[in-house]
Number of protein chains: 2
Amino acid sequence: MIEKFHDVLKANNLKSTHQRLAILNCIDMHGHIDIDAIYEHIHLNYPSMSKATLYRNINDLVTFHILEEVKLPHQKQQYEIKKVPHIHLLCQECSGVEDIFIETKPLLEAVTLQSGFTISNSFIVMNGTCRVCSHKNFSSIS
Amino acid sequence: MIEKFHDVLKANNLKSTHQRLAILNCIDMHGHIDIDAIYEHIHLNYPSMSKATLYRNINDLVTFHILEEVKLPHQKQQYEIKKVPHIHLLCQECSGVEDIFIETKPLLEAVTLQSGFTISNSFIVMNGTCRVCSHKNFSSIS
DNA sequence: GCTTAATAAGATATTAATTATCCTATTTAA
DNA sequence: TTAAATAGGATAATTAATATCTTATTAAGC
């Protein structure tokens, strides 16, 4: 990939600037990341990048549905590249966030049935302990 | 109910002040509500309440798990009284938020099976159109 | 490749949101 | 009723986010 996001920007009539590509690549690399971390990361290779530019672009990219807000409990808001619907798994031990792609249709249908609500999309976060941390805990006990 | 939250505060070794009771009653009355709305509402009957007190108490009450953050997409963070797990339904037409109490165990089990993640709790939001707004739309078409 | 119009970036000022500080008031247990 | 502990109110300080304005960059047409 030279510039995998160039076409995405063009498709939305947004100019493909170095700053925007840097922002998108950074978020893509990290999966989930908040504003400050994006700024720090980009700043390493791109010290002239202004925070105003970052805020402005993040908001624009969310408006154009290229980015998506990720609001996890007790954490600063993060952003991710918009992709197919998935569930966020948030590990309380290592603070890692995993994505899991799983069938949620039965739940959605049950909700529709019970409430009469027509669902267009859903946002699901589960808190707990990831596989790795579970094993760590287990070994330290036994 | 004279003071349904008095005992909750005492149980957490928090002093039962008028301000705290006002905050909790306000949130309880509204279900979901953000900081500014709480402030405005309480200000009507309690003009001397300081915003610092509000922020401080909201944070304390979250720490003690008496309140819970509600983070909905594209909205300011809200708060609710912590209660049994439920799903939030967010209507895109009228911006209303409904709670629905429904079995999520099958989904949680499937996630555990697929990911090895041990889930302690989950946070689910569904966006769409509520029953009332669906009917409104239908009548205006036909 | 140039030129130009449109858009975006950077710097900075402004505004809004949140937290910290300090002194006074209230709560609660003895 | 009193005293110690805690919380409130006012305000200052900090942090986050947005707006403004000027310069720079992008991209389309020649």
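Chain identifiers are assigned alphabetically (A, B, ...) following the order of the sequence lines, protein sequences preceding nucleic acid strands; residue numbering begins at 1 within each chain. We use all heavy atoms of the structure for the numbers below, so side chains are in, but hydrogens, waters and symmetry mates are not.
Going from atom NZ of B:K15 over to atom C1' of D:dA7 covers 7 Å, rounded to whole Å. To the nearest angstrom, P of C:dA16 lies 14 Å from CD of B:E40. The distance from atom CG of A:N12 to atom P of D:dA27 is 14 Å, rounded to the nearest whole Å. Look at NZ on A:K76: it is 12 Å from C1' on C:dT18, rounded to the nearest Å. Taking atom CD of residue B:Q19 and atom P of nucleotide D:dT6, one finds them 17 Å apart after rounding to whole Å. Taking atom CD1 of residue B:I58 and atom P of nucleotide C:dT19, one finds them 11 Å apart after rounding to whole Å. For the pair A:Y55 OH and C:dT14 P, the computed distance is 19 Å after rounding to whole Å. What separates CG of B:D60 from P of C:dA20 is a distance of 11 Å, to the nearest Å.
Which of C:dA9, D:dA27, D:dG9 sits closest to the side chain of B:R56 comes down to D:dG9.
Across all strands shown, A:T53 has heavy atoms under 4.0 Å from base atoms, whether or not it also approaches the sugar-phosphate. Within 4.0 Å of A:L14, counting heavy atoms only, lie sugar-phosphate atoms of the nucleic acid but no base atom. Nucleic acid contact for B:R20: sugar-phosphate only, since backbone atoms but no base atoms lie under 4.0 Å from a heavy atom of the residue.
Nearest-nucleotide positions on DNA chain C for B:A52 and B:S16 put B:A52 closer to the 5' end. Each of B:N13 and B:K51 lies near DNA chain D, and the nucleotide nearest B:N13 is the one positioned closer to the 5' end. Checking A:K10 against B:M49, the closest nucleotide of DNA chain D that is more toward the 5' end is the one next to B:M49. Checking B:N59 against B:H18, the closest nucleotide of DNA chain C that is more toward the 5' end is the one next to B:N59.
A pairwise comparison of heavy atoms in B:M126 and A:L108 identifies CE-CD2, 3.1 Å as the closest pair.
A salt bridge is defined here as a Lys NZ or Arg NE, NH1 or NH2 lying under 4.0 Å from an Asp or Glu carboxylate O, and B:K83 with B:D28 fails to meet this definition.
At least one side-chain nitrogen or oxygen of B:S48 sits closer than 4.0 Å to the OP1 or OP2 atom of D:dG9. Residue B:N57 places at least one side-chain N or O under 4.0 Å from the OP1 or OP2 atom of D:dG8. At C:dA9, one or more side-chain N or O atoms of A:T17 fall inside 4.0 Å of OP1 or OP2 (strictly under the cut-off).
Taking CG from B:L67 and CD1 from B:I27, the interatomic distance works out to 4.5 Å, rounded to the nearest 0.5 Å.
At least one cation-pi condition fails for A:K71 and A:F123: the charged atom is not both under 6.0 angstrom from the six-membered ring centre and inside a 45 degree cone around its axis.
Under the 30°/60° scheme for interplanar angles, the aromatic rings of A:H43 and A:Y39 are found to be tilted.
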